[in-house]
Amino acid sequence: QVQLVESGGDSVQAGGSLRLSCQVPRSGLTCAAWFRQAPGKEREWVAGIYRGSRSTRYVDSVKGRFTISEDIGKTTVYLQINSLKPEDTAVYYCAAGYVGRGTCFDPSPKVDEYKYWGQGTQVTVSS
């Protein structure tokens with residue numbers, strides 16, 4: 001079972017920035033996404049990148065502050081997080097799968113749509 005490996009989580013003050021990284025296998029995966037889960041809340045889709053076209057989508061609450069991207073070799077997917085807010089505090093998960101563009105940008109996907117998941121990286125934002 002392939003596990004994705006995330007890194008980059010940290011404790012920062014509000015207004016700060018972080019860049020999360022996710023190592024993904026070179027296996028023709030069509031979509032990579034970032035999710036987050038805050039304490040006591042359900043897992044939330046945050047951003048997706050459809051790898052063929054490198055098109056991206058974001059949940060409304062992070063638009064303008066988060067940027068999902070990938071390196072040219074398509075082995076690393078990034079989530080640049082700027083202007084961090086306390087409400088961004090969560091465990092951030094990377095996921096990847098062989099899904100179509102519609103599923104890749106679905107803000108409420110089924111968990112098993114994504115074949116691979118990481119174990120999460122903690123982001124804590126203090127005010």
Side-chain angles (χ1 to χ4, degrees):
Q1 180 76 21
V2 173
Q3 285 275 7
L4 306 181
V5 179
E6 304 109 331
S7 62
D10 205 346
S11 295
V12 298
Q13 291 195 328
S17 298
L18 286 173
R19 188 175 79 160
L20 308 183
S21 300
C22 174
Q23 302 297 313
V24 298
R26 301 190 194 200
S27 57
L29 295 162
T30 57
C31 170
W34 286 93
F35 293 73
R36 66 184 179 185
Q37 188 166 17
K41 295 189 176 181
E42 293 188 353
R43 190 169 297 189
E44 173 188 36
W45 177 90
V46 173
I49 182 166
Y50 192 63
R51 308 181 82 198
S53 62
R54 292 193 172 180
S55 55
T56 60
R57 292 290 187 277
Y58 302 89
V59 69
D60 285 347
S61 60
V62 308
K63 284 180 181 177
R65 299 189 299 120
F66 288 23
T67 303
I68 187 171
S69 63
E70 62 181 352
D71 68 339
I72 293 176
K74 295 190 176 183
T75 59
T76 307
V77 176
Y78 302 101
L79 186 68
Q80 178 68 39
I81 309 174
N82 297 327
S83 302
L84 277 157
K85 304 176 181 180
E87 52 264 42
D88 295 320
T89 294
V91 178
Y92 284 72
Y93 298 89
C94 178
Y98 305 97
V99 301
R101 180 187 173 101
T103 299
C104 190
F105 297 152
D106 183 354
S108 301
K110 296 178 182 177
V111 171
D112 59 7
E113 294 277 14
Y114 288 86
K115 186 173 181 65
Y116 305 120
W117 286 85
Q119 296 199 347
T121 186
Q122 176 71 48
V123 172
T124 303
V125 185
S126 57
S127 57

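Everything numeric in this text was worked out from a predicted model, so none of it was measured.
Of the listed residues (Leu20, Asp10, Val91), just one forms a side chain to side chain contact (heavy atoms under 4.5 Å, CB included) with Val123, and that residue is Leu20. Checking each of Trp117, Tyr93, Tyr92 against Glu6 for a side chain to side chain contact (heavy atoms under 4.5 Å, CB included) leaves exactly one that passes, namely Tyr93.
Taking hydrophobic clusters as Ile, Leu, Val, Met, Phe, Trp and Tyr residues chained together by side-chain heavy-atom distances below 4.5 Å, Phe35 does not share a cluster with Val5.
By the 4.0 Å N-to-carboxylate-O rule, Asp88 lies too far from Lys85 to be salt-bridged with it.
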**Q.** side-chain contact (heavy atoms from CB on, under 4.5 Å) between Cys94 and Tyr116, intermediate numbers included
**A.** CA-CA 8 Å; Cys94 178; Tyr116 305 120; over 6 Å; no
Q: Report the C-alpha separation of Ser61 and Glu44 in whole Å, then their side-chain angles, then the decisive distance to 0.1 Å, and conclude whether the side-chain contact (heavy atoms from CB on, under 4.5 Å) test is met.
A: CA-CA 11 Å; Ser61 60; Glu44 173 188 36; 4.1 Å; yes
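Judged purely by atom type and a 3.5 angstrom limit, Thr89 uses its side chain to pair as donor or acceptor with the backbone of Pro86. Side-chain N or O atoms of Tyr58 include one that pairs as donor or acceptor with a backbone N or O of Ile68 at under 3.5 Å. Put simply, the side chain of Thr30 gets close to the backbone of Val99: a donor and an acceptor are under 3.5 Å apart.
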Distance-only criterion, 3.5 Å: show the donor-acceptor pairs between side-chain atoms of residues 77-84 and protein atoms not counting sequence neighbours.
residue: Gln80; atom: NE2; partner: Asn82; partner atom: OD1; Å: 2.9
residue: Asn82; atom: OD1; partner: Ser17; partner atom: OG; Å: 3.0

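For the pair Glu113 and Cys31, the minimum side-chain heavy-atom distance is 4.5 Å or more.
Minimum heavy-atom separation, Ala90 to Arg36: CB-CB, 3.8 Å.
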